Amino acid sequence: MIRAPFTLAAALAIAAPALAEIPPEHTVAVGTAETVTAGEHMVVAAHPLAAEAGEVILEAGGSAADAAVAVQLVLGLVEPQSSGLGGGGFLLYWDAAGAELTAHDARETAPMAAAPDYWLEDGEPLGFWEAVIGGRSVGVPGTPKLLEHIHARHGRLPWAVLFEDAVTLAEDGFEVTERMAESVADARELDRQDAARDYFLPDGDPLAEGARLANPAYADTLRLMREQGAAPFYSGAIARDIVATVRADDRRGLLTMADFAAYEVIERAPVCIGYRGDEVCGMGPPSSGGLTVGQMLGILERFDLPAIGQGMLAEHLFAEAGALAFADRDLYMADSDFVSMPEGLLDDDYLRARARLIDAEAAMGGAEPGTPPWREAAARHADDPRPRAGTTHFVIRDGRGDIVSATTTIEMGFGSRLMTNGFLLNNELTDFAFAPAGADGLVANRVEPGKRPRSSMAPTIVLRDGAPNLAIGSPGGANIIPYVARALIGILDWDMPLHEAVARPHLLNRNGPSFVEEGPGAAQMAAELESMGHAVEVSDLNSGLHAIRITPDGLEGAADPRREGVALGR
Ligand code: DON
């Protein structure tokens, strides 16, 4: 891929759009949280059929990479609103034999024909939904190449074996779950294009819970991929279909076959920060996940949370750490192949100074970004974070100790609403800033040709004494960052049982109001935060935290009761 150097062009003085909060997917059927134990291997994924497909591979002696392929192929069928072959993601891999952690960037990519004014119409940022729906929001998908890449790097079983469950389910059908049925019923404009309408709204009605649903087009796609790998998606028939689909749409996309041919999965160094003796590792740019989770932890390490314990002081500190970290995220973080970013975002002294800005008794009421150590400082204008509904996280640990922690997505639930070859196309290009510049300069996360939009996805692996003891992550758009940071604190600082850490009611702050999760304790928590000066909004915070903990006694797994996932192992 050709990477254009970052140039500080003259800033256009375009005000950032006033964006309303986009509600995350609402929680369906809160399940019972439980910690599942196993001795050998484990999978935690957002749908029982996907977890089963992974377990079958692990039972057959497959690696975590093999199981990840099987899990993702089934997720694309049974949880199509959240991830699939038309999307992208980030995957952390722990290779036990080499004692090595690698990070794999399969983020969708902007067309080479895209310019910073991509999301402007008559000089004004387009409305969010207008941008989401249709061909213009689609970036080059990364997931097909990610699966091929991770299998080539770490696979043990033959590629074709990994397709068995997904092909059978796509041919024979599977039962539509309550969550999928509700997602279909709630989705806007699923009737925009014939292929998506015929699949999700057969006879004009949304798919019903319990209906049996086969996807013959997806079965054909899987058979092609089983025989030819990812090539058809980047230089063959499927790439041609995607290009034709986005170009035929009224909101015409600019993708070309050359964009597909240039696509690469990029292996990057994981971003790690020491936290009370552990090393918490995540995904660096173009995701803001690892750095922002890292900043929150680096700030919170200055407070003795294990001694402070759970309670309002800890909640207040957590919210303030979120505000400080998001102030930096929104100003500095983007695809670092295109924009220079401060090297010192996780600098110890810097985060200590940031922590000193917190008053233990009163909310700061909005954090300013800091000035971390930075060799090539450039004027910047901040971007707006927005929560989203889509995306999935799975964690896998195989019998030899390899681990996958992967977050994959098509962005909003049902992505761009465009479907081809049995899968939905992403709307990931709406993760770019809509306004490329503001009064203070260029926005780091503006659109540029061949650039990857900033993500919040935060697949995480925690190392203790050089070996993993936890793998975790979640969907939830920008809320992913505090969801993951909060669960980490519960597990690492308070040794909470895994299921309690993932089920614990959410509180988060993205440098705006403090959001408190709806539920029995919400009113009291809101009142107490308000008495400390927080502006509070109570809302449905739909995480999908999936985690595996590795203990001296074996494996523990837990799936977020807010979704339909399960932990399976032996
Ligand atoms: O990359 C990102 O941060 C978003 N596109 C992820 C979207 C998401 O998590 C939706 N979740 N429910």
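Counting starts at 1 for both ligands and their atoms, in listed order. From a predicted model like this one, the values you see are computed outputs, not experimental measurements.
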4.5 Å side-chain heavy-atom contact, Q72 and F394: yes
Under 3.5 Å: N/O of G476 near N/O of ligand 1: yes
Per-atom contacts, ligand 1 versus R563 - under 4.0 Å to a heavy atom: 12 (N)
Contacting atoms of ligand 1, where contact means under 4.0 angstrom from a heavy atom of R107: 1 (O)
Stepwise salt bridge (Lys or Arg N to Asp or Glu O under 4.0 Å) check, D560 with R562: CA-CA 5 Å; D560 197 317; R562 298 168 186 84; 2.8 Å; yes
For D431, the ligand 1 atoms whose distance to one of its heavy atoms is below 4.0 Å: 1 (O), 2 (C), 3 (O), 4 (C), 5 (N)
Ligand 1-proximal atoms of I480, by part, heavy-atom distance under 4.0 Å: side chain
Short N or O distance, P475 and ligand 1, threshold 3.5 Å exclusive: no
N or O contact, R454 vs ligand 1, cut-off under 3.5 Å: no
Return all side-chain donor-acceptor pairs below 3.5 angstrom for residues 131-139, not counting sequence neighbours, or 'none' if the list is empty.
unit_1 : atom_1 : unit_2 : atom_2 : d
R136   : NE     : Y118   : O      : 3.3
R136   : NH2    : Y118   : O      : 3.1
S137   : OG     : V132   : O      : 2.7
S137   : OG     : G134   : O      : 3.3

Reference residue L508; test side-chain contact (heavy atoms from CB on, under 4.5 Å); the match among S539, S543, P482, P513: P482
Validation row: L85, L147 side chains within 4.5 angstrom (heavy atoms): yes
E428 neighbourhood, listing ligand 1 atoms whose heavy-atom distance to it stays under 4.0 Å: 1 (O), 4 (C), 5 (N)
cation_pi(K145, Y234) dist<6.0 Å, angle<=45: yes
Within reach of ligand 1, part of Q81 (heavy-atom separation under 4.0 Å): neither
Any residue meeting side-chain hydrogen bond (donor to acceptor under 3.5 Å, both in side chains) with T292, in chain and number order, not counting sequence neighbours: none
